[in-house]
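The basis for the numbers below is simple: all heavy atoms, side chains too, and nothing from hydrogens, waters or symmetry mates. Just so you know, these numbers come straight off a predicted model, no measurement behind them.
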Amino acid sequence: MKIHFIPICMSTLIASLPMVSATDALAQNPDAIYSTYETYNGSDLEMTLNASGTHFRLWSPSAQAVRLKIYPTGRNSASEQTIEMTRDKNGTWTAGIPQKLYGKFYTFQILHNGKWLDETPGVWAKAVGINGNRGAIIDFDATNPEGWDNDKGPTIKNINDAVIYEMHHRDFSMHPSSGIASKGKFLALTEHGTTNPKGDKTGIDHLKELGVTHVHILPSYDYNSVDEANLPANTYNWGYDPQNYNAPEGSYSTNPANPSTRVSEMKEMVKALHDAGIGVVMDVVYNHTAENDGSNFSLTAPGYYYRHRPDGSYSDASGCGNETASERQQMRNFIVNSVKYWAKEYHIDGFRFDLMAIHDTTTMNEVARELKKINPDIFVYGEGWTAGDSPLPVAQRALKDNVSAMPQIAVFSDDIRDAIKGHYTDETDRGFATGKPGLEETVKIGIVGATAHPQVDYSKGNNSKAPYALSPTQVINYVSCHDDLTLTDKLAKSLPEESVADRQRAAKLAQTIVFTSQGTPFIFAGEEIFRDKKGVHNSYKSPDSINAIDWNLKNENADLFDYYVELIKLRKTHPAFRMTTSEELAKNIVFDDTKGQNNLISYSIKNNANGDSWKEIKVIFNGSDQPRNVKIPKARWIVIAEDGTLKAEGLGNSNGGTLTVAPRSAMILAREK
């Protein structure tokens with residue numbers, strides 16, 4: 001649905017077009033050919049060490065011969081040994097050396113259709129040299145920080161108990177005002193006591209102060225676009241161009257030339273966040289690779305890992321030149337075993353799947369099932385759309401509309417996103433929170449977590465015409481993320497004549513809708529201090545001057561930050577906002593008749609929902625630029641939010657009756673009896 005990184009991917013595609021024929025004749029009828037391949041799901045693929053030495057096993061069923069090369073360094077050196085590998089079971093090739101080759105590097109090279117292809121570290125390299133061209137042999141036990149054996153992320157009963165904060169390593173720490181020493185590095189999230197020039201907390205201390213439960217970090221595996229040998233160039237990229245899926249990105253390490261350093265520093269980051277009570281969600285991009293014929297997939301099993309068109313060219317549902325074939329067993333095994341590896345070796349607490357609908361539902365269900373065996377608190381969510389059409393039948397795709405076939409998977413709600421702030425394709429388009437009428441029913445779809453509710457008319461929904469979630473735990477609610485305009489920039493474009501203060505009122509309302517809706521709340525790093533990206537939509541490779549968060553904004557927008565803190569506290573304190581079944585929602589959420597008033601939604605959460613201490617919570621949203629009067633039953637109410645101010649413990653009391661809801665604001669009331 002959204003193509004958020006086309007520029008880099010299209011350049012890759014154009015560069016590779018002359019090579020399309022290298023997919024060979026197998027691509028003409030791939031399913032018929034590839035179904036004859038034996039697959040291998042052992043735990044010893046590519047490189048393992050034990051008392052008898054260093055062992056290599058490469059899955060390359062169509063290879064005519066395979067060479068293993070051993071190098072003394074990660075680049076710019078000749079090979080020390082070249083070993084002819086032996087064909088073995090299930091399409092694999094093996095070789096062994098009777099020494100533990102710690103400190104050495106390796107590549108594979110296959111003979112295919114009479115031609116030796118380029119060298120590759122294979123698809124399972126867990127440590128790599130600079131720029132990821134050679135696999136590295138390291139002692140993983142030696143990379144574990146002190147206390148790693150007892151390290152564990154936060155315990156959460158359900159995904160909607162989480163508050164997710166999406167961030168990029170460089171965005172979070174690069175600005176001079178961050179006060180962070182290890183700027184743009186994994187270690188930035190290990191530094192405590194950092195502040196901006198005014199003394200406000202930054203870094204990991206800021207996250208604790210804000211109250212989020214999990215950070216969702218943009219791709220941290222080894223990606224293609226940044227030259228790790230030239231870090232002073234300060235090249236920026238989001239990282240949606242995968243190269244080595246199972247090794248950390250070198251540019252986020254203080255020493256990318258040392259394979260152990262990038263591993264140990266990523267683990268230190270995870271442990272520091274866990275020690276702070278914060279989980280780590282890894283953004284994974286198994287749906288495509290940065291290169292086509294030059295990818296590690298193509299250089300080990302040409303054609304197999306990708307879908308193709310009838311003419312043999314790469315199918316392109318990713319909008320980036322290719323798409324992987326998760327329905328093929330070895331690719332499915334790869335995805336499942338890769339996430340299991342990150343969960344075990346790095347203690348990752350959750351996974352966000354980019355363009356998840358390129359994958360099939362069977363694969364995604366296996367991902368969730370296997371991860372839950374490792375850690376019951378792990379959760380999985382993703383984009384329930386593709387960037388283009390695919391040969392994979394629609395019924396098999398992990399689409400938003402098919403999420404009912406994936407009970408343990410959640411999808412992003414484009415319903416609530418576009419309804420609240422305006423459609424992402426039109427920067428000037430307004431939404432419910434910025435005064436556009438007619439979006440009330442679509443916002444309600446978000447409020448009930450895209451589940452069936454007797455008072456929600458899906459026929460009036462903009463993006464969805466029917467309930468698609470089995471439960472609210474299958475929906476991620478948000479108004480902005482790394483894609484498209486930040487909320488700050490969207491409000492500037494859609495409310496150009498209004499003051500910053502008025503735009504911040506709209507921002508508060510927008511996030512209040514997100515955090516009080518059923519489902520899991522998700523915010524983009526810096527929204528809480530009104531961070532912008534100078535109006536740039538697709539900042540995937542924009543410089544730090546565009547992407548870096550200016551932490552001086554925390555002082556300038558202290559009132560907004562405090563509002564976020566209280567909003568998060570309110571949600572975490574009251575389980576009524578975190579119901580887990582559609583039956584609970586249908587029973588306990590009751591919408592009021594607002595008599596056709598535009599930009600007004602009023603509803604109650606009743607019956608001490610989900611064990612809440614509050615018997616009833618009244619939630620009213622006024623997205624218009626005019627005050628609205630609402631009738632509240634006579635009772636002793638605690639005022640939680642009013643006129644752009646919110647306190648989780650309460651602002652005061654009200655006896656109900658006719659109350660006035662200020663323009664672009666939320667009113668929240670609660671009663672215990």
Please determine if [X] and [Y] form a salt bridge, counting it only when a charged side-chain N lies under 4.0 Å from a carboxylate O.
{"X": "D415", "Y": "K444", "answer": "no"}
{"X": "K400", "Y": "D414", "answer": "yes"}
{"X": "K508", "Y": "D559", "answer": "yes"}
{"X": "K534", "Y": "D489", "answer": "no"}
{"X": "K618", "Y": "D592", "answer": "yes"}
{"X": "R664", "Y": "E498", "answer": "yes"}
{"X": "E383", "Y": "R352", "answer": "yes"}
{"X": "E427", "Y": "K421", "answer": "no"}
{"X": "E616", "Y": "R671", "answer": "yes"}

Is the closest side-chain donor-acceptor distance between [X] and [Y] under 3.5 Å?
{"X": "N622", "Y": "N599", "answer": "no"}
{"X": "N547", "Y": "S539", "answer": "yes"}
{"X": "Q518", "Y": "N160", "answer": "no"}
{"X": "D349", "Y": "H274", "answer": "yes"}

Could you pull out all residues at least two apart from [X] that satisfy salt bridge (charged side-chain N to carboxylate O under 4.0 Å, His left out)?
{"X": "D200", "value": "none"}
{"X": "D502", "value": "none"}
{"X": "K436", "value": "D429"}
{"X": "D275", "value": "K271"}

Could you walk me through whether N610 and F577 pass the side chain to side chain contact (heavy atoms under 4.5 Å, CB included) test, one step at a time? CA-CA 8 Å; N610 201 24; F577 300 114; over 6 Å; no
Who passes side chain to side chain donor-acceptor pair (under 3.5 Å) against [X], sequence neighbours left out?
{"X": "N462", "value": "none"}
{"X": "Q511", "value": "E527, Y564"}
{"X": "T580", "value": "E584"}
{"X": "D205", "value": "H192"}

Value for NZ (K201) from OG1 (T195), rounded to nearest 0.5 Å, stands at 11.0 Å
Find the distance between CD1 (I378) and CD1 (I156) and round it off to the nearest 0.5 Å. 10.5 Å
Taking all non-hydrogen atoms of both residues, which atom of G239 and which atom of P219 are closest, and how far apart? O-CB, 3.2 Å
Which atom pair, heavy atoms only, marks the closest approach of A586 to A452? CB-O, 4.4 Å
Summary of salt bridge (Lys or Arg N to Asp or Glu O under 4.0 Å) pairs that have at least one residue in residues 621-645, sequence neighbours excluded: R505-D643
With a 3.5 Å distance limit and no angle check, can you tell me whether Q474 reaches the backbone of V403 through a side-chain donor-acceptor pair? yes
Hey, can you tell me if F412 and F522 have their rings parallel, tilted or perpendicular (30° and 60° cut-offs)? perpendicular
Mind running side-chain hydrogen bond (donor to acceptor under 3.5 Å, both in side chains) on N287 and D354 for me, showing each step along the way? CA-CA 7 Å; N287 66 78; D354 183 71; 3.1 Å; yes
Between H482 and the options Y240, F172, Y165, Y540, the ring-ring contact (aromatic ring centres under 6.0 Å, His included) test singles out Y240
List the residues meeting ring pair (Phe, Tyr, Trp, His ring centres under 6.0 Å) with [X], not counting sequence neighbours, and say none if there are none.
{"X": "Y458", "answer": "none"}
{"X": "H537", "answer": "none"}
{"X": "F524", "answer": "none"}

Using the ring pair (Phe, Tyr, Trp, His ring centres under 6.0 Å) rule, take H206 and F561 through it: C-alpha gap first, then chi angles, then the decisive distance, then the call. CA-CA 10 Å; H206 170 84; F561 174 74; 5.2 Å; yes
